Engineer: 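Structure incoming, see below.
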Amino acid sequence: MLILVGPSNHPPGTHEVAAGARLMKHCLEHAENVSGITAEVVTAWPEDRQRLQKISTVVFSGDRFPPAEMPDRERIMGDLKTMMDHGCGLVCVHYATGLGANHVAPDGAHPLLGWMGGYFATRTPHHQSIARVYAAATIEPGSGEHPALRGWKQFTVNDEPYINNYFGKDGPAKNVTVLATSMLPPEAPKREAVAWAVSRNDGGRGVGIVMPHFYKNWQVDDLRMLIMNSIVWSAKLQVPAAGVKTPTPDLAKFEPAAIEPPPRPAKK
């Protein structure tokens with residue numbers, strides 16, 4: 001597995017994309033009931049195309065979909081297309097699900113729509129998703145028997161689950177499964193998809209999960225299980241019936257700039 005850390009300029013305690021990537025690697029490689037996983041964390045796209053051919057899934061962490069923000073975008077996207085065409089998996093976490101107006105066609109077309117099933121549309125003319133921190137967002141498992149749903153249960157979290165995500169002009173395709181929903185926003189709630197999976201025609205699998213915004217929420221066991229299940233499933237590995245179990249991590253071990261955002265100065 002490859003975990004790519006893209007650019008980020010969020011304040012300490014939020015996003016923490018590098019620390020989150022190191023945490024994901026640790027959890028995957030030390031899962032209690034899944035063995036044999038190896039993951040590599042990188043900050044630059046590998047040059048060796050033979051190496052890329054051996055990757056079972058790519059996990060992206062960053063502010064917006066990292067290939068859209070990185071140098072040599074065209075080469076990276078070309079490599080990704082080859083990988084996706086051969087059934088490689090893809091998972092985007094929180095803001096890495098995002099695309100801006102400079103990344104997509106005027107009608108919203110972008111390869112990520114097929115590779116992952118949908119995306120967080122940020123300041124785009126065709127669609128406007130919503131990013132807002134909620135004091136208590138209740139996240140519910142989707143219906144059905146998808147392997148990524150195994151083991152975890154409903155939880156409530158102080159976080160920024162993106163809503164009104166974009167799944168194409170006609171809504172989610174038939175090969176897209178909603179993994180998690182939340183009734184948001186609180187003042188006018190409707191059921192919003194906050195995690196989803198696609199089984200692609202090329203045989204590959206993609207997942208978008210629009211949390212966590214706060215680094216501290218990697219300690220939410222049910223959220224972490226949803227993410228670990230999704231990565232394991234995207235790599236075409238067996239998700240255990242009880243879900244992928246990982247010990248609650250020591251967040252400081254992964255060297256974040258901060259575990260929690262510093263308190264805001266008191267208003268004068």
Side-chain angles (χ1 to χ4, degrees), residues 57-60 64-69 73 77-78 80-132 134 137-149 160-211 226-227 229-231 233-234 236:
T57 194
V58 185
V59 181
F60 288 107
R64 290 173 294 274
F65 183 53
E69 300 289 321
R73 174 188 177 278
M77 291 297 289
L80 273 176
K81 182 181 185 305
T82 299
M83 294 165 72
M84 297 299 114
D85 286 349
H86 287 85
C88 182
L90 182 147
V91 178
C92 292
V93 177
H94 194 47
Y95 203 1
T97 61
L99 292 169
N102 58 324
H103 305 142
V104 301
D107 64 355
H110 188 277
L112 197 59
L113 192 59
W115 295 344
M116 194 172 69
Y119 60 81
F120 167 55
T122 172
R123 299 183 180 89
T124 59
H126 69 285
H127 189 85
Q128 185 56 61
S129 301
I130 299 169
R132 173 179 160 189
Y134 303 98
T138 297
I139 310 300
E140 302 176 53
S143 60
E145 302 294 328
H146 195 284
L149 296 173
E160 185 189 40
Y162 304 138
I163 63 173
N164 199 34
N165 296 294
Y166 184 66
F167 298 98
K169 62 183 178 63
D170 298 320
K174 291 181 179 179
N175 60 345
V176 173
T177 299
V178 175
L179 299 178
T181 65
S182 190
M183 295 297 291
L184 294 171
E187 68 276 9
K190 67 174 186 173
R191 191 162 298 281
E192 293 280 357
V194 295
W196 58 90
V198 62
S199 296
R200 305 193 310 261
N201 294 333
D202 53 42
R205 300 169 174 180
V207 181
I209 304 169
V210 299
M211 300 163 284
L226 164 62
I227 295 172
N229 285 357
S230 297
I231 296 172
W233 175 78
S234 75
K236 300 180 183 175

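Residue numbers run from 1 in the order of the sequence given. For clarity, every value in this text was computed on a predicted model and none was experimentally measured.
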Engineer: Atom NZ of K190 and atom CG of N164: how far apart are they, to the nearest 0.5 Å?
Structural biologist: 5.5 Å
Engineer: Is N175 reaching over with its side chain to a backbone N or O of N201, donor-acceptor style, under 3.5 angstrom?
Structural biologist: no
Engineer: When rounded to the nearest 0.5 angstrom, what distance separates CE in M77 from CH2 in W115?
Structural biologist: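 It is 4.0 Å, given to the nearest 0.5 Å.
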Engineer: Does the T57 side chain pair with the main chain of G89, one donor and one acceptor, at a distance under 3.5 Å?
Structural biologist: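 Yes; judged by distance alone, with no hydrogens or angles, the pair exists.
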Engineer: Please collect all salt bridge (Lys or Arg N to Asp or Glu O under 4.0 Å) contacts where either partner lies in residues 199-210, sequence neighbours excluded, each pair once.
Structural biologist: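 Every pair satisfying salt bridge (Lys or Arg N to Asp or Glu O under 4.0 Å) with a residue in residues 199-210: R200-D202.
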Engineer: Roughly how far, to the nearest 0.5 Å, is NE2 of H110 from CE of M116?
Structural biologist: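 If we round to the nearest 0.5 Å, M116:CE and H110:NE2 are 10.0 Å apart.
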Engineer: Testing the basics here: between A148 and L226, what is the closest heavy-atom pair and its distance to 0.1 Å?
Structural biologist: O-CD1, 4.1 Å
Engineer: Does any part of the side chain of H126, heavy atoms only, come nearer than 4.5 Å to the side chain of K169, both counted from C-beta?
Structural biologist: no
Engineer: Just so I know, are the side chains of Y134 and E160 near enough to count as touching, which here means a heavy-atom distance under 4.5 Å?
Structural biologist: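 No, side chains not in contact.
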Engineer: Taking atom NE2 as the centre, does H86 end up with more than 12 heavy-atom neighbours from other residues, nucleotides or ligands that are less than 6.0 angstrom away?
Structural biologist: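 No, NE2 of H86 has 12 or fewer neighbouring heavy atoms, counting only those of other groups under 6.0 Å.
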Engineer: For G144 and L149, which heavy atoms make the closest approach, and how far apart are they?
Structural biologist: O-CD1, 3.7 Å
Engineer: Rounded to the nearest 0.5 Å, how far apart are CG of L179 and NE2 of H146?
Structural biologist: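 Output value for this atom pair is 5.5 Å.
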Engineer: In terms of ring plane angle, is the pair H127 and Y166 parallel, tilted or perpendicular, where the classes change at 30° and 60°?
Structural biologist: tilted
Engineer: Should we say atom NZ of K81 is surrounded by more than 12 heavy atoms from elsewhere, each under 6.0 Å from it?
Structural biologist: no
Engineer: Residues in salt bridge (Lys or Arg N to Asp or Glu O under 4.0 Å) with R73, at least two apart?
Structural biologist: none
Engineer: Checking ring pair (Phe, Tyr, Trp, His ring centres under 6.0 Å) between W196 and each of Y162, Y119, F167, which is the one that passes?
Structural biologist: F167
Engineer: Strictly below 4.0 Å, N to O, side chains only: are R132 and E192 in salt-bridge contact?
Structural biologist: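 Answer for the salt bridge query: no.
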Engineer: To the nearest 0.5 Å, tell me how far F120 CZ sits from L112 CG.
Structural biologist: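 Between atom CZ of F120 and atom CG of L112 there are 13.0 Å.
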Engineer: Which heavy atom of L99 sits nearest to which heavy atom of A68, and what is that distance?
Structural biologist: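 So the two residues come closest at CD2-CB, 4.4 Å.
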Engineer: At their closest point, which heavy atom of A101 faces which heavy atom of T124, and how far apart are they?
Structural biologist: N-CG2, 3.5 Å
Engineer: Report yes if some heavy atom in the side chain of M211 is under 4.5 Å from a heavy atom in the side chain of V194; otherwise report no.
Structural biologist: yes
Engineer: Any heavy-atom pair between the side chains of P111 and L80 that's under 4.5 Å?
Structural biologist: no
Engineer: Nearest 0.5 Å, please: how far is CG in L184 from OG1 in T138?
Structural biologist: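 Going from the OG1 atom of T138 to the CG atom of L184 covers 8.5 Å.
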Engineer: Would you find more than 12 non-hydrogen atoms of other residues, nucleotides or ligands less than 6.0 Å from R123 atom CZ?
Structural biologist: no
